[in-house]
There are 2 protein chains.
Amino acid sequence: MQKQETLTKNQKIVLDIIEKSSQPLKAYSILFDVKKKGINAPLQVYRALDKLVKIGKIHKIESRNAFIACKNSKCQIANATIFSICESCEDVTEIHDHKLSEHLRDFKDNKGMKYNKYNLEFFGLCKKCV
Amino acid sequence: MQKQETLTKNQKIVLDIIEKSSQPLKAYSILFDVKKKGINAPLQVYRALDKLVKIGKIHKIESRNAFIACKNSKCQIANATIFSICESCEDVTEIHDHKLSEHLRDFKDNKGMKYNKYNLEFFGLCKKCV
DNA sequence: AACGCTGTGTAATAATATAACATTTATAAG
DNA sequence: CTTATAAATGTTATATTATTACACAGCGTT
Ligand SMILES: [Zn+2]
Ligand SMILES: [Zn+2]
Ligand SMILES: [Zn+2]
Ligand SMILES: [Zn+2]
């Protein structure tokens with residue numbers, strides 16, 4: 001069981017903004033939003049983001065340099081993420097697919113790598129944008 | 001069948017540098033290397049990179065903002081990539097695993113997304129770094 | 001020739017992320 | 001309570017990654 005982390009003031013502010021958005025937010029857009037709450041510099045945002053990613057409260061969408069809240073209580077450690085991304089409207093959804101996760105978790109290459117994390121991003125068009 | 005593209009001068013220069021490296025290169029490190037060949041500005045590099053990615057000659061390692069040559073003749077279209085990344089020495093290897101590729105290609109979510117691309121990155125420690 | 005398309009060269013700037021330093025707060029040990 | 005230690009903060013400056021804007025060149029098509 002993962003120890004329940006107590007978030008600090010800045011971490012709470014940043015997490016709050018991200019959780020209120022259904023879609024990924026960029027660091028500087030978060031910065032803009034939290035200026036009214038006393039966070040003034042990029043580094044303050046990036047430090048909070050780093051921590052939140054580390055404890056699995058949020059995930060980074062690598063191809064978009066953006067951050068989205070994790071809604072899955074199981075994925076408290078940010079080590080196994082799958083996203084679906086619409087290239088037209090940029091809608092992003094985290095995917096929880098047991099079978100696929102299992103395949104990825106069990107994957108072994110032929111070079112003896114010790115895996116502890118993966119990130120998978122699917123791209124395409126959502127229903128609305130087809 | 002994909003039309004065989006004829007590369008332009010700048011595209012050839014950039015591809016050449018990337019193919020000579022076994023490991024991913026960053027855009028500005030490529031720029032530094034090609035200055036002696038008459039490429040002076042970031043944009044010239046980024047334009048060549050964009051094209052090379054589009055035709056599948058190279059892939060972008062999203063989590064590293066770096067570019068690596070594709071050695072697989074089959075993956076001429078850059079729409080299905082799997083990488084293994086050592087978090088200690090940063091060694092990157094492209095993975096070609098038929099079974100895993102099949103699973104990813106066949107994956108369907110429950111929202112009616114039309115996928116046309118995916119990118120998967122595994123992270124861990126390589127044999128040397130364990 | 002006129003057009004559309006792709007690529008080029010150059011300058012300027014935007015967007016993303018980190019380094020360095022001084023200080024403060026939280027936690028734990030003696 | 002005091003001391004030690006780790007984690008977080010606040011601030012400034014800077015590094016790194018990527019794009020906008022504009023003028024023009026080459027090439028194939030009509
Ligand atoms: Zn999650
Ligand atoms: Zn869409
Ligand atoms: Zn490839
Ligand atoms: Zn390694």
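A, B, ... follow the sequence lines: proteins, then strands. Residue 1 opens every chain. Side chains included, hydrogens not; waters and symmetry mates left out as well; all remaining heavy atoms used.
Taking Ile, Leu, Val, Met, Phe, Trp and Tyr as hydrophobic and joining them when side-chain heavy atoms fall under 4.5 Å apart, one finds B:I68 in a cluster with B:I61, B:F83, B:I85, B:V92, B:F123. Cluster partners of B:L125, using a side-chain heavy-atom cutoff of under 4.5 Å among ILVMFWY residues and allowing indirect links, are B:V130.
Residues in residues 98-113 of chain A take part in these side chain to side chain donor-acceptor pair (under 3.5 Å) pairs, two or more places apart or across chains: A:H98-A:E102, A:H103-B:H103, A:D109-A:Y115. Note on residues 83-92 of chain A: pairs passing salt bridge (charged side-chain N to carboxylate O under 4.0 Å, His left out), not counting sequence neighbours, are A:R64-A:E90, A:E87-B:K117. Applying the side chain to side chain donor-acceptor pair (under 3.5 Å) test to every pair with at least one member in residues 120-130 of chain B, sequence neighbours left out, gives these pairs: B:S63-B:E121, B:N119-B:E121.
Taking A:L43 as the reference, A:R47 meet the side-chain contact (heavy atoms from CB on, under 4.5 Å) condition, with sequence neighbours excluded. With sequence neighbours excluded, the residues satisfying ring-ring contact (aromatic ring centres under 6.0 Å, His included) with A:F107 are B:F122. Shown here are the side chain to side chain donor-acceptor pair (under 3.5 Å) partners of A:K20, two or more places apart in sequence or in another chain: A:D16. For B:T8, the side chain to side chain donor-acceptor pair (under 3.5 Å) partners are B:Q11, not counting sequence neighbours.
Rounded to an integer number of Å, the gap from CD1 of A:I55 to C1' of D:dA7 is 13 Å. Regarding A:R47, its CZ atom lies at a distance of 7 Å from the C1' atom of D:dG10, rounded to whole Å. We find that NZ of A:K60 is positioned 10 Å from P of C:dT16, with the value rounded to whole Å. Note: NZ (A:K9) to C1' (D:dT9) measures 8 Å, nearest angstrom. The NZ-C1' distance, from A:K54 to D:dA8, rounds to 12 Å in whole Å. Rounding to whole angstrom units, CG of residue A:L43 and P of C:dC21 are separated by 14 Å. A:D50 has its CG atom 12 Å from the P atom of D:dT9, to the nearest Å. The OH atom of A:Y46 sits 12 Å away from the C1' atom of D:dA15 (whole-angstrom rounding).
For residues 26-41 of chain B, proximity to DNA chain D is found at B:K26, B:Y28, defined as any non-hydrogen atom under 4.0 angstrom from a strand atom.
Comparing D:dA18, C:dT8, C:dT18 by their nearest atom to the side chain of B:P42 picks out D:dA18.
Note on B:Q44: every side-chain N or O is 4.0 Å or more away from OP1 and OP2 of C:dT8. Between B:N65 and C:dT16 there is no side-chain polar atom (N or O) within less than 4.0 angstrom of OP1 or OP2.
Using a 4.5 Å cut-off on side-chain heavy atoms (C-beta onward), B:I39 and B:I30 make no contact. Within the 4.5 Å cutoff, no side-chain heavy atoms of A:V14 are placed close to those of A:I58.
Overall bending of the helix from C:dA1-D:dT30 to C:dG30-D:dC1, expressed as the angle between end axes built from five pairs apiece, is 30° (10° steps).
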Q: Assign a letter to each nucleotide of nucleotides 22-27 of chain C from its 5' end: B, base within under 4.0 Å of a protein heavy atom; S, sugar-phosphate only; -, no contact.
A: ------
